[in-house]
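Shown next, in structure tokens, is the structure this report addresses.
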There are 2 protein chains.
Amino acid sequence: METPAAAALPKYYVLKEQILTLIEDAAPGTLIPTERALAEQYGTSRTTVRQAIGELVSEGRLDRTQGRGTYVAPPKVTHVRQLTSFTDDAASQGLTAAARIVDVSVLPADPATARRLAVEPGTEIHRVERIRLVDGEPLAHEVAFLAGPLPDLARTVAERGSLYAALREDYEIRISEVEDTVETKLAGPAEVQLLDVEMGAPMLLVHRLGFTPDGQPVEWTESVFRGDRFRFVARMHV
Amino acid sequence: METPAAAALPKYYVLKEQILTLIEDAAPGTLIPTERALAEQYGTSRTTVRQAIGELVSEGRLDRTQGRGTYVAPPKVTHVRQLTSFTDDAASQGLTAAARIVDVSVLPADPATARRLAVEPGTEIHRVERIRLVDGEPLAHEVAFLAGPLPDLARTVAERGSLYAALREDYEIRISEVEDTVETKLAGPAEVQLLDVEMGAPMLLVHRLGFTPDGQPVEWTESVFRGDRFRFVARMHV
DNA sequence: CACGAAAATTGGTCTAGGCCAAAATGATGG
DNA sequence: CCATCATTTTGGCCTAGACCAATTTTCGTG
């Protein structure tokens, strides 16, 4: 006989906790039983099994691929300190961070971006779209908008491997203050394609406005991070 | 005839976007058609409708209550700057922030908390559990652990209405540096009960370690914020 | 008119199963 | 021994409908 409280919990949630106990001591990569097997084993429907597994995938505890199966995910170690440069910072944790450049272009500022960068709408600004990788895995999709003349930006970013390094070394632009906003977002088709996550997976949506020492905004960035692999760290004076 | 790309999208996602266009100009509180009506109207099953609506609820675009219906949610205005005090800060945006104290107690530090606060395990520390409210709505569940002698903490926190104010005014403890980590988490039974969210809704899990000017850690806080109502803002020097 | 009980409405959970697509597996021919 | 193709396995998406619980609405009664 169950306690009333336990009985009031949704069945999929009870199953989710049971699967958790199944995998808590398992090595990453270990296959768990198939959805059909779990449904039979726990006397439930496959729909309910999928709901339980779906949440564990969202939380980064399981990974699954069609045709292969569902297996224990590696732990959420990607602990990136978002202070200055993503690249510099990851190295200090023994992680190999990289960025794959998707697009570097110049375009006229739309009204919203122009307002954020404190330029006239229509002013030519730079757009840098990248995929951030940690240990080879895609972790974030990032689109940065930059004000000011930045000749040959595509080349310098590619060479430096880091946008902040290029700004500092090649253009003598130092970003000394940033304002980050963090909120949740669910993965849509774009994130599914670019970041190898499932539809509807929780993501961290981060907006950053970067200022030079004289208070001029020069960088406006929108980033979408995988919620199942990423932990955002900010240390600051109050 | 549809484009192949559009046809490849899951049906529930297409429906989700259609519902979005339905509600984008609607006032908060406006009821949308019932799930059964939408299923018939769009020639789909109720399961698919529920998946589409479920994501919109997770994103804070819709609210729903059993027996009542599904309606347009108020916008995600709760823009809380997490710099110093939640209380002080919300006021600057014209929001009425409050905290409902659930529990204030003294207990011996467990090993993990002791390590974070740099005290010996077993040392008596304070525990302050609160529900943060903005404009009357529960927004976050927060458990703070504090080191040091803090006589009559329950009373002072209740009187000041703000933990940080009590520390500053009554105990002359100033927190001058904080380290926040932010990650995603899915709502479980605790959050459903305390914060009035749905099971599995995306939440922001925030850990904060607060230091005094001489570098002593004195505050360790774990907070769970509603992902559909909250936006975390951090402005910092680099 | 006010109140409370009954009925209808609406979201909440779950089942059983079908069809598809990707990956792994195994058979087959060079 | 290896490459190629068909088969099987596994997750991905969807349907149709049952039953429950919370809420609202309706309606009868005092």
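Residue numbers start from 1 in every chain, and the chains themselves are labelled A, B, ... in the order their sequence lines are given, proteins ahead of strands. All values derive from a computational prediction rather than experimental measurement.
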Rounded to whole Å, CZ of B:R46 lies from C1' of D:dT15 at a distance of 13 Å

Closest of C:dG11, D:dC14, C:dA16 to the B:T70 side chain is C:dG11

Of all heavy-atom pairs linking A:L205 and A:V224, the shortest is CD1-CG2, 3.9 Å

**Asked** Below 3.5 Å, does any donor atom in the side chain of A:R36 face an acceptor in the base of D:dG11, or the other way round?
**Response** yes

- prompt: Got a donor-acceptor contact below 3.5 angstrom from the A:S162 side chain to the A:A165 backbone?
  reply: yes

In whole angstroms, the gap separating P of D:dT23 from CG of B:D63 amounts to 14 Å

Taken to the nearest whole Å, CZ/A:R50 to C1'/C:dC20 is 13 Å

_A:F225 six-ring centre to A:R229 NZ/CZ under 6.0 Å and within 45° of normal_ = no

- Task: Can you check whether any acceptor in the base of C:dA16 is under 3.5 Å from a donor in the side chain of A:T47, or vice versa?
- Result: yes

Here the distance between atom C1' of C:dT15 and atom OH of A:Y12, to the nearest Å, is 17 Å

Between CG of B:D196 and P of C:dG11 the distance, given in whole Å, is 17 Å

Exercise. Kindly say if B:T44 contacts the phosphate of D:dC14, meaning a side-chain N or O under 4.0 Å from OP1 or OP2.
Key: no

Side-chain contact check for B:Q66: nearest option of C:dG11, C:dA24, C:dA21 is C:dG11

For A:E219, the salt bridge (charged side-chain N to carboxylate O under 4.0 Å, His left out) test, sequence neighbours excluded, returns none

In whole angstroms, the gap separating C1' of C:dG12 from CZ of B:R64 amounts to 8 Å

The single option from B:R226, B:E129, B:R130 that satisfies side-chain hydrogen bond (donor to acceptor under 3.5 Å, both in side chains) with B:H141 is B:E129

With distance as the sole test, does A:T34 use its side chain to make a donor-acceptor pair with the main-chain N or O of A:A37 at under 3.5 Å? yes

Expected list for residues 21-32 of chain B near DNA chain D, using heavy atoms below 4.0 Å, is none

Discussion item. It should be established whether A:K11 places a side-chain nitrogen or oxygen under 4.0 Å from OP1 or OP2 of nucleotide C:dG12.
Written reply: no

Per nearest nucleotide of DNA chain D, the residue lying toward the 5' end, A:R68 or A:M199, is A:R68

Rounded to whole Å, the CG-C1' distance (A:L62 to D:dG11) equals 13 Å

From CD of A:Q51 across to P of D:dG12 the rounded distance in Å is 14 Å

Check your understanding: Think A:T48 has a side-chain N or O under 4.0 angstrom from the OP1 or OP2 of C:dT15?
Key -> yes

Do NZ/NE/NH1/NH2 and the carboxylate oxygens of A:E40 and A:R36 come within less than 4.0 Å? no

